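Hydrogens, waters and symmetry mates are skipped; everything else that's a heavy atom, side chains included, is used. Predicted model only: the values in this text are computed from it and were never measured.
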Amino acid sequence: MKPKLLVLELWGLGDLVIATPFLRAAVERFQVTLVAKPYAQELRPRFWPEVEVVPFIAPWTAFHHKYQLWRWPWPEIFKLRRQLAAQRFDYGVSARWDPRDHLALKLAGAQERFGFPRVKSQRYLTQSLTRPKPLEHHLEYWRVAGEALGLALPSRAELFVSPDPRPPVVLIHTGARLPLRVWPLDNFREIVVRLRKEQVRVQIACDADQLDWWQAQGENAVCPRSVTELLATLDGAGLFIGNDSGPGHLAAGCGLPTFTLFGPQLHEWFAPLHPASEVMEGKACPYKPCSDYCRFSEPFCLRGISVDEVWPRVEAFVEKNLT
């Protein structure tokens with residue numbers, strides 16, 4: 001019997017993709033249970049079919065009102081604790097320096113608990129891990145955690161290599177979980193026009209609140225309503241262009257080179273992991289990274305990037321990577 005490992009990754013779609021190299025390595029040595037948002041169940045068949053997924057939306061991962069404790073789903077939380085404790089995990093791990101994760105590992109009853117301590121959260125851990133350098137990618141936190149558990153993760157150059165060949169289609173996804181990560185739709189539209197003038201096939205995908213706008217422009221945009229639908233859309237493309245968002249990370253995980261427009265976040269921490277992926281850095285801001293809580297009326301770090309600045313980079317990216 002393999003020892004039991006509890007893994008916490010309670011945040012976004014992109015975070016789960018970044019955790020994928022760790023999860024794939026972990027199943028070789030452990031019986032892995034992952035606590036994550038429900039869409040992890042849609043990722044599981046393709047990315048880590050041997051992982052047991054326990055769906056849970058942690059209330060502290062909400063963007064607004066996260067500490068209105070009277071609104072938390074306490075019966076669900078207590079039920080989850082009992083469910084995890086009954087598993088008698090040998091090990092538990094989180095790659096976030098988040099005391100809430102560390103307390104959760106302890107309450108779940110994991111015998112050995114690995115994490116990156118902050119504000120004295122080492123009291124909940126049995127092994128405190130040393131954080132990577134400040135500008136290291138978040139994958140490197142998983143790498144450190146993996147080393148502590150005797151796991152070797154592949155290098156970034158070996159991750160998510162593209163299958164050959166891919167469809168000669170550029171997928172432009174214009175959505176993001178938060179509005180301040182969305183480059184203006186008019187700008188995306190101009191990029192579409194310029195690509196088509198160069199005889200490049202373009203498919204537009206968008207969020208539900210953007211669909212009417214694209215249809216008004218005469219575009220047959222697709223609007224994936226689930227991770228499963230998004231995966232199917234990505235399978236029909238060869239390249240991805242979009243905002244700093246979950247779909248971009250998922251595209252990289254599916255083997256697509258990605259071109260990502262970054263605004264309030266640091267690309268050093270969260271760039272998509274495909275070896276051929278590229279980023280467009282946003283304008284400088286004294287508050288960057290701001291954890292998506294912008295101090296200004298609009299995120300000029302992203303919306304200040306002009307089409308004329310982006311276009312030469314996109315043109316070269318497509319020419320280099322589109323089969």
Side-chain angles (χ1 to χ4, degrees), residues 13-14 17 42-43 46-47 159-177 181-263 267 271-280 302 305-323:
L13 177 61
V17 177
E42 298 178 79
L43 295 176
R46 179 174 298 205
F47 290 99
L159 296 175
F160 305 138
V161 178
S162 299
D164 187 25
R166 292 204 61 91
V169 177
V170 175
L171 179 66
I172 295 183
H173 193 296
T174 61
R177 182 173 64 91
R181 293 197 185 193
V182 175
W183 200 44
L185 297 184
D186 285 323
N187 291 355
F188 276 117
R189 173 63 180 156
E190 179 61 26
I191 295 295
V192 171
V193 169
R194 295 188 187 190
L195 285 172
R196 287 176 176 160
K197 284 182 178 178
E198 297 196 355
Q199 307 303 310
V200 175
R201 290 173 57 193
V202 179
Q203 173 64 60
I204 297 166
C206 66
D207 289 345
D209 61 349
Q210 300 173 337
L211 185 58
D212 288 346
W213 189 92
W214 280 111
Q215 290 177 339
Q217 311 308 308
E219 289 289 345
N220 185 26
V222 298
C223 179
R225 304 287 179 167
S226 67
V227 169
T228 300
E229 290 184 7
L230 179 57
L231 285 167
T233 301
L234 292 169
D235 286 340
L239 295 181
F240 179 96
I241 297 171
N243 301 302
D244 171 25
S245 63
H249 289 284
L250 189 59
C254 291
L256 279 71
T258 63
F259 185 93
T260 305
L261 291 141
F262 270 80
H267 73 267
L273 287 171
H274 190 283
S277 289
E278 298 182 18
V279 301
M280 183 78 188
L302 176 61
I305 307 173
S306 69
V307 172
D308 288 338
E309 291 175 290
V310 173
W311 171 244
R313 295 282 312 279
V314 166
E315 185 179 33
F317 171 75
V318 171
E319 182 178 356
K320 180 169 61 176
N321 292 291
L322 193 65
T323 56

Distance-minimising heavy-atom pair for [X] and [Y]:
{"X": "Phe262", "Y": "His267", "value": "CE2-CA, 3.5 Å"}
{"X": "Pro272", "Y": "Thr260", "value": "CG-OG1, 3.5 Å"}
{"X": "Cys223", "Y": "Asp207", "value": "SG-C, 3.7 Å"}
{"X": "Leu302", "Y": "Gly263", "value": "CB-CA, 3.8 Å"}
{"X": "Gly248", "Y": "Thr258", "value": "O-CG2, 3.6 Å"}

>> Would Val227 and Leu43 count as a side chain to side chain contact (heavy atoms under 4.5 Å, CB included) here? Give the steps.
In response: CA-CA 7 Å; Val227 169; Leu43 295 176; 3.7 Å; yes
Test item: [X] side-chain N/O and [Y] main-chain N/O as donor-acceptor pair under 3.5 Å:
{"X": "Glu309", "Y": "Ser306", "answer": "yes"}
{"X": "Arg313", "Y": "Met280", "answer": "no"}
{"X": "Gln203", "Y": "Asn220", "answer": "yes"}
{"X": "Asn243", "Y": "Thr174", "answer": "yes"}
{"X": "Arg177", "Y": "Gly246", "answer": "no"}
{"X": "Glu198", "Y": "Leu195", "answer": "no"}
{"X": "Ser245", "Y": "Ala176", "answer": "no"}

> What's the verdict on side chain to side chain contact (heavy atoms under 4.5 Å, CB included) for Leu159 and His274, showing C-alpha distance, side-chain angles and the deciding distance?
Replying inline: CA-CA 6 Å; Leu159 296 175; His274 190 283; over 6 Å; no
Please report the interatomic distance [atom1]([X]) to [atom2]([Y]), rounded to the nearest 0.5 Å.
{"X": "Glu219", "Y": "Leu185", "atom1": "CD", "atom2": "CG", "result": "11.5 Å"}
{"X": "Leu13", "Y": "Glu42", "atom1": "CG", "atom2": "CD", "result": "9.5 Å"}
{"X": "Ile204", "Y": "His173", "atom1": "CD1", "atom2": "NE2", "result": "11.5 Å"}
{"X": "Phe317", "Y": "Trp311", "atom1": "CZ", "atom2": "CH2", "result": "12.5 Å"}
{"X": "Leu171", "Y": "Leu239", "atom1": "CG", "atom2": "CG", "result": "9.5 Å"}

>> Would Asp235 and Arg46 count as a salt bridge (Lys or Arg N to Asp or Glu O under 4.0 Å) here? Give the steps.
In response: CA-CA 12 Å; Asp235 286 340; Arg46 179 174 298 205; 2.7 Å; yes
If we only count heavy atoms from C-beta on, is the [X] to [Y] side-chain gap below 4.5 Å?
{"X": "Pro247", "Y": "Phe240", "value": "yes"}
{"X": "Arg196", "Y": "Val200", "value": "no"}
{"X": "Phe160", "Y": "Pro257", "value": "no"}
{"X": "Ile241", "Y": "Trp183", "value": "no"}
{"X": "Asp186", "Y": "Trp213", "value": "yes"}
{"X": "His249", "Y": "Asp244", "value": "yes"}
{"X": "Cys254", "Y": "Leu231", "value": "yes"}
{"X": "Pro167", "Y": "Arg201", "value": "no"}

> side chain to side chain contact (heavy atoms under 4.5 Å, CB included) between Val310 and Phe259: does it pass, once the steps are laid out?
Replying inline: CA-CA 10 Å; Val310 173; Phe259 185 93; 4.1 Å; yes
>> For Gln210 and Val182: C-alpha separation, side-chain torsions, deciding distance, then whether side chain to side chain contact (heavy atoms under 4.5 Å, CB included) applies.
In response: CA-CA 11 Å; Gln210 300 173 337; Val182 175; 3.7 Å; yes
>> Quick check on Glu319: does its CD atom have over 12 non-hydrogen neighbours (other residues, nucleotides or ligands) under 6.0 Å away?
In response: no
> In terms of side-chain geometry, is the basic nitrogen of Glu315 or Lys320 positioned less than 4.0 Å from the acidic oxygen of its partner?
Replying inline: no
> Yes or no on salt bridge (Lys or Arg N to Asp or Glu O under 4.0 Å) for Arg194 and Glu190, after CA distance, side-chain angles and deciding distance?
Replying inline: CA-CA 6 Å; Arg194 295 188 187 190; Glu190 179 61 26; 2.9 Å; yes
